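First comes the structure, then the notes that go with it.
Computed from a predicted structure; not experimentally measured. Naming: A, B, ... by sequence-line order, numbering from 1 per chain.
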Protein chains: 2
Amino acid sequence: MRSTLQDVARRAGVSPSAASAALRPGRSSNVRLAEATRQRVLEAAAALGYRTNPLARALRGEATRTIGVLWWLGSPSGREFMARRIARMLQVNDYSTYLADHFASAEQVAEALKDFAVRGIDGVVLESDDTIAASRDVQQAIQAFKAAVVVQPTETSLGTDNIVHDRYVAIREAVDHLVATGRRRPVYLVARHANLGKASTFLDQLRRHGLTPAPDAVLDVDERHADNFGQLAIEALDAREAGRANVGFDAVLATSDELAVGAIAWLRGRGLRVPDDVAVVGANDAHMAGFLDPPLASVDRREPELVSLIEEKLFRRLDAPDAPPTRTSLAMRFVWRPSAGGSAQHPGQP
Amino acid sequence: MRSTLQDVARRAGVSPSAASAALRPGRSSNVRLAEATRQRVLEAAAALGYRTNPLARALRGEATRTIGVLWWLGSPSGREFMARRIARMLQVNDYSTYLADHFASAEQVAEALKDFAVRGIDGVVLESDDTIAASRDVQQAIQAFKAAVVVQPTETSLGTDNIVHDRYVAIREAVDHLVATGRRRPVYLVARHANLGKASTFLDQLRRHGLTPAPDAVLDVDERHADNFGQLAIEALDAREAGRANVGFDAVLATSDELAVGAIAWLRGRGLRVPDDVAVVGANDAHMAGFLDPPLASVDRREPELVSLIEEKLFRRLDAPDAPPTRTSLAMRFVWRPSAGGSAQHPGQP
DNA sequence: CTGAAAGCGCTTACAG
DNA sequence: CTGAAAGCGCTTACAG
């Protein structure tokens with residue numbers, strides 16, 4: 001059915017080795033073909049609709065033009081889905097994408113990496129965290145690839161090319177803004193399992209401003225199996241505020257815009273105004289954020305820049321496998337909008 | 001480095017063929033092994049961390065346990081990203097996922113299918129439309145797979161297993177609701193390029209109620225290269241209403257919640273109330289929709305059910321390649337919320 | 001300048 | 001019950 005190199009060679013009247021050489025000019029090889037011969041092969045290939053079988057090439061240890069993307073597919077989406085952006089970027093570069101979920105588990109990551117390796121993938125893009133990067137298994141499995149770009153909130157210990165996708169800067173900026181505009185009792189809606197660093201960054205930044213956060217200033221929300229993020233926020237706030245006469249906080253920082261919108265609904269239910277009574281800041285800068293009433297302050301993950309960095313590092317590495325690993329930092333940014341109170345230019349003067 | 005079947009055979013003191021048979025019991029083969037021999041092979045494999053090379057298997061025409069997912073990755077996301085859901089479903093079934101964007105182009109789809117084919121993929125999940133399904137190239141390329149599940153708004157002409165993901169039912173339900181609650185001049189914000197059927201369903205349903213839609217009742221929004229969907233809606237409404245003293249519509253149906261939220265912001269800017277002055281209905285049922293003020297009516301795409309159907313059809317087909325193609329319809333549903341006016345139970349009594 | 005041979009890692013008819 | 005051989009489709013040293 002599908003034509004092979006044999007068919008092409010036969011049709012062009014040359015040997016398979018000559019046909020192979022004709023189709024891969026510029027390859028180091030002591031095979032030199034007459035231009036006319038080469039043309040004949042190319043015509044035969046075109047006539048037969050021939051495509052090199054990448055499986056056969058891979059079996060000989062050649063590159064497969066495939067990149068494995070290992071991302072946490074279960075997390076609530078941000079403004080867009082990163083793996084989608086990466087897949088598109090790779091496709092435009094004429095690479096194919098293997099997509100796998102890392103299920104936030106080091107064993108799963110190691111398993112997926114081994115699967116990638118055995119499938120002859122050229123490189124891997126891995127969304128990682130401290131726990132994953134600390135795994136011996138993962139550290140070993142990732143050696144199998146010519147190229148590996150690791151995206152992690154902190155510097156990775158995997159010894160690969162690394163993009164530090166820093167969310168802590170944005171959290172500090174948000175806290176700075178809230179404090180500068182007079183808030184003294186902010187709470188933070190965040191999934192504890194995901195990233196302990198987020199909660200401690202929040203608390204530390206409050207302390208840096210001389211504030212003492214309440215013991216329950218961080219409200220744990222587990223969005224992993226939730227289908228309704230707004231409801232999660234409402235339940236968390238209900239649990240915290242049960243029995244209190246007055247609301248015990250004057251600002252809400254949330255780890256996603258969906259949670260933030262849930263918090264706003266909760267406040268509305270109590271007759272409280274945003275930002276006058278309580279300031280609210282979300283995260284991930286959902287498309288809708290700027291069109292809500294009031295427009296919702298958020299955190300820009302800078303995903304287009306992130307994809308560009310991945311692209312740059314990945315293809316540079318494939319070109320130069322032996323260069324020393326690189327490290328680049330990309331900070332998420334606080335995006336001021338009215339729900340945060342104050343103003344963008346004069347955060348200290350609400 | 002990576003151990004091969006040879007290594008396992010050597011360690012177990014058997015021939016490669018015996019090792020192969022030991023690792024694939026139940027395979028039709030005239031090779032019969034003593035249980036003790038089999039155990040020795042399994043132990044050797046475990047000790048070496050052996051993994052069968054799927055490339056080598058594929059080269060012999062065996063299944064690769066890989067599914068290609070060809071989806072329109074560029075469209076604004078719905079509640080979640082379908083390709084992500086599918087990738088997770090496949091991973092749980094111990095299949096790997098090749099992900100490619102079809103770029104809303106029949107040539108790109110044919111190209112991607114050929115790439116999949118040459119990579120020895122077992123089956124494909126394709127998001128299609130009438131134009132793609134009409135392409136001879138696509139029709140031919142899709143024959144290469146043992147299994148192909150096509151998801152399309154209408155019945156596919158590709159001759160494969162087919163899920164009709166019907167959005168027209170929901171559009172009619174929304175129009176019915178709007179008319180029943182007294183709206184007479186609805187407009188529809190929709191990308192014309194995407195699906196002419198959407199606009200004509202909307203217009204036809206208005207006519208069925210005896211209404212004559214305005215010539216500019218359908219407002220074309222092209223979200224393909226937009227980064228700001230809310231702004232798109234605002235510009236479309238600005239363009240339509242320029243120079244009018246009063247707003248010329250009493251309801252907005254939008255092809256996404258993001259557009260709907262933009263329309264609501266536009267109305268707010270004019271001092272109009274939702275739903276009292278203008279009813280608004282979005283689509284895709286974003287996480288935030290139910291928590292907005294007023295809660296936003298939408299369209300539920302029923303993606304969890306869609307993924308289940310894909311799973312069912314795909315694996316049934318892989319088991320029984322020669323069964324006749326199946327066809328199942330899954331209708332999206334109008335989700336009433338206050339922004340649509342009236343009430344869920346008594347749509348006719350606002 | 002071009003062809004025949006070996007081999008990547010597997011599986012399966014075929015001998016023994 | 002087990003092993004030797006051929007072959008999937010390619011590429012590359014090696015002969016000529």
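Nucleotide C:dG9 holds its C1' atom 16 Å from the CD atom of A:Glu62, rounded to whole Å. Atom CD in A:Gln6 sits roughly 10 Å away from atom C1' in D:dC10 (whole-Å rounding).
Between B:Thr37 and D:dT2 there is a side-chain N or O to OP1 or OP2 distance below 4.0 Å.
Here the nucleotide nearest the side chain of A:Thr52, chosen from C:dC10, C:dT11, D:dT11, is D:dT11. Here the side chain of A:Asn53 is nearest to one of C:dC8, D:dC10, C:dC10, namely D:dC10.
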Show your reasoning for whether side-chain contact (heavy atoms from CB on, under 4.5 Å) applies to A:Leu59 and B:Asn53. CA-CA 9 Å; A:Leu59 196 54; B:Asn53 184 330; 4.0 Å; yes

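By the 4.0 Å N-to-carboxylate-O rule, B:Arg51 lies close enough to A:Glu111 to be salt-bridged with it. With salt bridges taken as basic N to acidic carboxylate O contacts below 4.0 Å, one links B:Arg10 and B:Asp7. With respect to B:Asp161 and B:Arg317, a salt bridge is recorded, a charged nitrogen being found less than 4.0 Å from a carboxylate O.
Counting distance only, with no hydrogens placed and no angle test, the side-chain atoms of A:Ser17 and the base atoms of C:dA4 include a donor-acceptor pair under 3.5 Å.
If you check D:dC14 for Watson-Crick or wobble pairing at under 3.5 angstrom, you find it paired to C:dG3.
Here A:Arg60 lies in heavy-atom contact (under 4.0 Å) with a base.
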